[in-house]
S.K.: 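A single structure is presented below for examination.
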Amino acid sequence: MNCREVRDLLSPFVDGALDASRSGAVEQHLGSCAACRAELEALRGAVALVKKLEAPAPPPQFVFQVQAALQREFFRRTSRRGALSWYSALPRWAQGLAAAAAVLAVGVALASLVNLAGGPGAALGPGVESPSTLVGEAVPTPPPGEAGYAAPQKEGGGRAAAPQPAPAAPFAAGSPPAPSPGVGVLAPYEHKVIRSADLALRVEKLEEAYRRVVLITQAAKGFVEQSNLWTGGEGEKMPRGASFLLRVPSDSFERVLEDLGRLGEVVRLSQTGQDVSQEYYDLQARIRNGRRQEERLLELLGRAETVDEILRVEQELARVRGEIEVMQGRSNYLDQMVALSSIQVSLEEKGNEEPQPPDWGIWGRMWKAFWGTVLRMGYWIGRAVVFLAGAAPVVIILALAWWGWRRWRRSRR
Amino acid sequence: MDVGPPERALIDRCLQGDRQAFGELVEMYQARVYALAYHITGNREDASDMAQEAFIRIFRALPGFKGRSAFSTWVFRVVVNVCLDELRRRRFRAVPLEGLPSGEDDRPPRQWASSAPGPDEEVERRELAREIRASLGRLRPLHRLAVVLRDLQGLSYQEMAAVFGCSLGTVKSRLSRARDALKQEFLRRELLRPEAVSTGERGERA
């Protein structure tokens, strides 16, 4: 072994990580080479020096900090501001471009939806809104989330008096929502049930039934969340029908179902009720608990004297508030689900079911099935082409925006 | 180093969303993870951040732990990745500690006060530790990690290979080059003296 080979092996040699034969060879060489011995000593010296380093113990509240950070991260991921942070990171002009592209995209998508649906408005005659305009019609009950965010000042009073160091700032923006009305501490126990139904009808006249479904829903102060209408187009072969997803206030659920049932022959009706009372009241209890804890912490904050104390209380406060926020969100969601039942309706027109075709034998049926598939494919391909044509301007704008963004990024490097 | 029953049970509880159980895991590993982060960053604040980040990532990656390696190895693997990411992201100040007294002055002094060295010795000791740390800070991230894992955390070559996800040969040569670079740095700072070395003495500053 020469000196170079030996020097490459010195590090594992120091650790005793060489096998016997190589270790022996190194030792033999060291016995006869003073330079390599010096090298070995230097290496040992270096290792000994490094080993002098000590690390302090983690800070005493480290476990707690990790838990708080986890909570914070969870909170950040669920909050809306986190979702849009990429947007605020863009330069001004790119923000504008992105917003314009988004608006265009929505517009084009809506327009092409209406076009593709074969212009149901025309088929339905005056007085009937086309399905796409019904989507997202006014919700009778205010969304609980907004109600909650509108009144953060309520418990802000006590907090405003206390000093508010920077770490708490992110949470101040999303201050805990006020308890939704009717869910006070002494609210009587009532069952919280999410109701839904699935109804299939066979009707005489499709357009008429379609209109009636919309009217019934509106009369009950509900709204149509989604609707589809197949008018069959020119070909007589396509089945004619419609489907809806209705959301109606729970107290008119039964009545709406009854009214709908009168529109035609009921083919299928199923109802489900999911009892979420336990989760709901459990949540309420935990939210109350959280608030008590929060109050207590605020009190502590008022009494804290050193910066360290303030920071620690603030940290705990942030964690508690994060928890309350999450629970309140879930509770609001449940409220909304309970307040609005969903009804899935599908309509099918009577009468033009195909008469049982004469038995064409296996070849005839195969031929028919083959052509059926070809025709359907053609139909869908046609739709796809139309959609792409509609989307082209958006694609071009997005491509430009992307290109600009990349250039901007590169220029910053 | 196997996944003992208590660890396994804790991991299972974590996977079911039990924060308490995760707290216990953190408790078990915090000393090692924090020490590693401290040696890599050279100061308490960054070490705390990095260790925290590491535990968050561990929590998120926990479902991916299949028990093929020892849990501690897996933990180290995650921590090392966090360290590398952070080092690359921030292009870490190469010499974090120079002129920054806060890093070393809490714990060791108390220990040494009891064994009663003179104040001069004490000062010198701290000065030495700072120099060593600064030298370590000059190494490239992977080299720094290799030295810390082997000489300060006492991992075996096999464990290091598992942590780095590379072969034994790579570990050996990486560590060898890392120690070489460190030695050069020590020589440059005269923490090791060539003449003292050749006569076989320990290369400390007197």
Side-chain angles (χ1 to χ4, degrees), chain A residues 4-19 22 26 30 33-77 311 315 319 322-323 326, chain B residues 19 22-24 26-27 30-31 33-39 44 47-48 51-53 55-56 59-60 103-104 106-108 111 125 128-129 132-133 135-136 147-148 150-152 156-157 168 172-173 175-180 182-183 186-187 191-192 194 196-204:
Chain A
R4 267 191 62 180
E5 288 172 301
V6 167
R7 293 202 179 170
D8 281 345
L9 292 177
L10 281 180
S11 163
F13 178 75
V14 167
D15 293 319
L18 289 181
D19 53 52
R22 282 208 284 181
V26 170
L30 286 172
C33 174
C36 285
R37 263 202 313 274
E39 197 66 32
L40 176 67
E41 281 314 310
L43 187 65
R44 285 204 170 124
V47 170
L49 270 180
V50 172
K51 284 190 173 166
K52 282 178 184 291
L53 288 182
E54 290 170 32
Q61 71 280 24
F62 184 73
V63 177
F64 174 68
Q65 280 174 1
V66 170
Q67 302 260 27
L70 261 182
Q71 190 70 41
R72 228 174 10 244
E73 203 220 28
F74 177 71
F75 180 54
R76 200 181 310 136
R77 263 194 294 169
L311 280 181
Q315 216 160 23
R319 185 184 68 78
E323 265 171 17
V326 170
Chain B
R19 293 275 167 91
F22 187 66
E24 284 172 49
V26 174
E27 199 114 32
Q30 58 172 348
V33 170
Y34 183 81
L36 177 57
Y38 183 77
H39 287 310
R44 283 160 193 267
S48 213
Q52 221 176 70
E53 171 68 25
F55 276 115
I56 288 175
F59 182 78
R60 267 190 276 158
E104 289 288 340
D106 286 3
R107 217 170 59 118
Q111 257 181 354
R125 216 194 88 83
L128 177 64
I132 296 172
R133 209 169 268 300
S135 311
L136 195 59
V147 170
V148 170
R150 172 72 205 133
D151 291 329
L152 288 169
S156 71
Y157 280 50
L168 266 183
K172 275 183 200 168
S173 63
L175 185 59
S176 178
R177 259 175 291 146
R179 281 170 167 173
D180 215 46
L182 191 61
K183 195 180 64 189
F186 284 159
L187 286 172
L191 299 179
L192 280 174
V197 161
S198 59
T199 56
E201 278 173 35
R202 275 284 167 88
E204 278 170 47

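Each chain gets a letter, A, B and so on, in the order the sequences are listed, and its residues count up from 1.
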S.K.: Select one option (side chain, backbone, both, neither) describing which atoms of L152(B) are under 4.5 Å from chain A's heavy atoms.
M.R.: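 Only the side chain of L152(B) comes within 4.5 Å of chain A.
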S.K.: Write down the atom of Y157(B), the atom of S11(A), and the distance for their closest heavy-atom approach.
M.R.: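 The pair with the smallest heavy-atom distance is OH-O, 3.8 Å.
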S.K.: Kindly compute the distance separating CZ (F55(B)) from CG (L70(A)), expressed to the nearest 0.5 Å.
M.R.: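 Nearest 0.5 Å value for the CZ-CG distance: 10.5 Å.
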S.K.: How close do Q65(A) and Q52(B) get, counting heavy atoms only, and between which atoms?
M.R.: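 In terms of heavy atoms, the two residues are closest at CB-NE2, 3.3 Å.
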S.K.: Quick check on R150(B) against chain A: is it the side chain, the backbone, both or neither that has a heavy atom closer than 4.5 Å?
M.R.: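 It is the side chain, since no backbone atom gets that close.
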S.K.: Checking A178(B) against chain A: side chain, backbone, both or neither under 4.5 Å from a heavy atom?
M.R.: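 Neither the backbone nor the side chain of A178(B) comes within 4.5 Å of chain A.
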S.K.: Do R179(B) and D15(A) sit within salt-bridge range, that is, some charged N less than 4.0 Å from a carboxylate O?
M.R.: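 So R179(B) pairs with D15(A) through a salt bridge.
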S.K.: With rounding to the nearest 0.5 Å, note down the distance linking CG in L43(A) to CG in D180(B).
M.R.: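 Output value for this atom pair is 7.5 Å.
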S.K.: Which atom names give the shortest non-hydrogen contact between R22(A) and K172(B), and what distance separates them?
M.R.: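 In this case the closest contact between R22(A) and K172(B) is NH2-NZ, 4.4 Å.
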S.K.: Which region of V148(B), side chain (C-beta onward) or backbone (N, CA, C, O), has a non-hydrogen atom less than 4.5 Å from a non-hydrogen atom of chain A, or is it both or neither?
M.R.: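 Contact with chain A involves no heavy atom of V148(B) at all.
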S.K.: Less than 4.5 Å apart, any side-chain heavy atom of L49(A) and any of L128(B)?
M.R.: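 A side-chain contact exists here, since the closest heavy-atom pair is under 4.5 Å.
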S.K.: Would you give the length of the straight line joining atom CD of E41(A) to atom CG of L192(B), rounded to the nearest 0.5 angstrom?
M.R.: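 If I round to the nearest 0.5 Å, the distance is 10.5 Å.
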S.K.: Looking at CZ of R125(B) and NZ of K52(A), how far apart are the two atoms once the value is rounded to the nearest 0.5 Å?
M.R.: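 Reported value, rounded in 0.5 Å steps: 7.5 Å.
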S.K.: Compare all side-chain heavy atoms of P58(A) with those of S48(B) and state whether any distance is below 4.5 angstrom.
M.R.: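 With C-beta onward as the side chain, the pair stays apart.
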S.K.: On a heavy-atom basis, which atom in A51(B) and which in F62(A) lie closest, and how many Å separate them?
M.R.: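 So the minimum-distance heavy-atom pair works out to CB-CZ, 3.5 Å.
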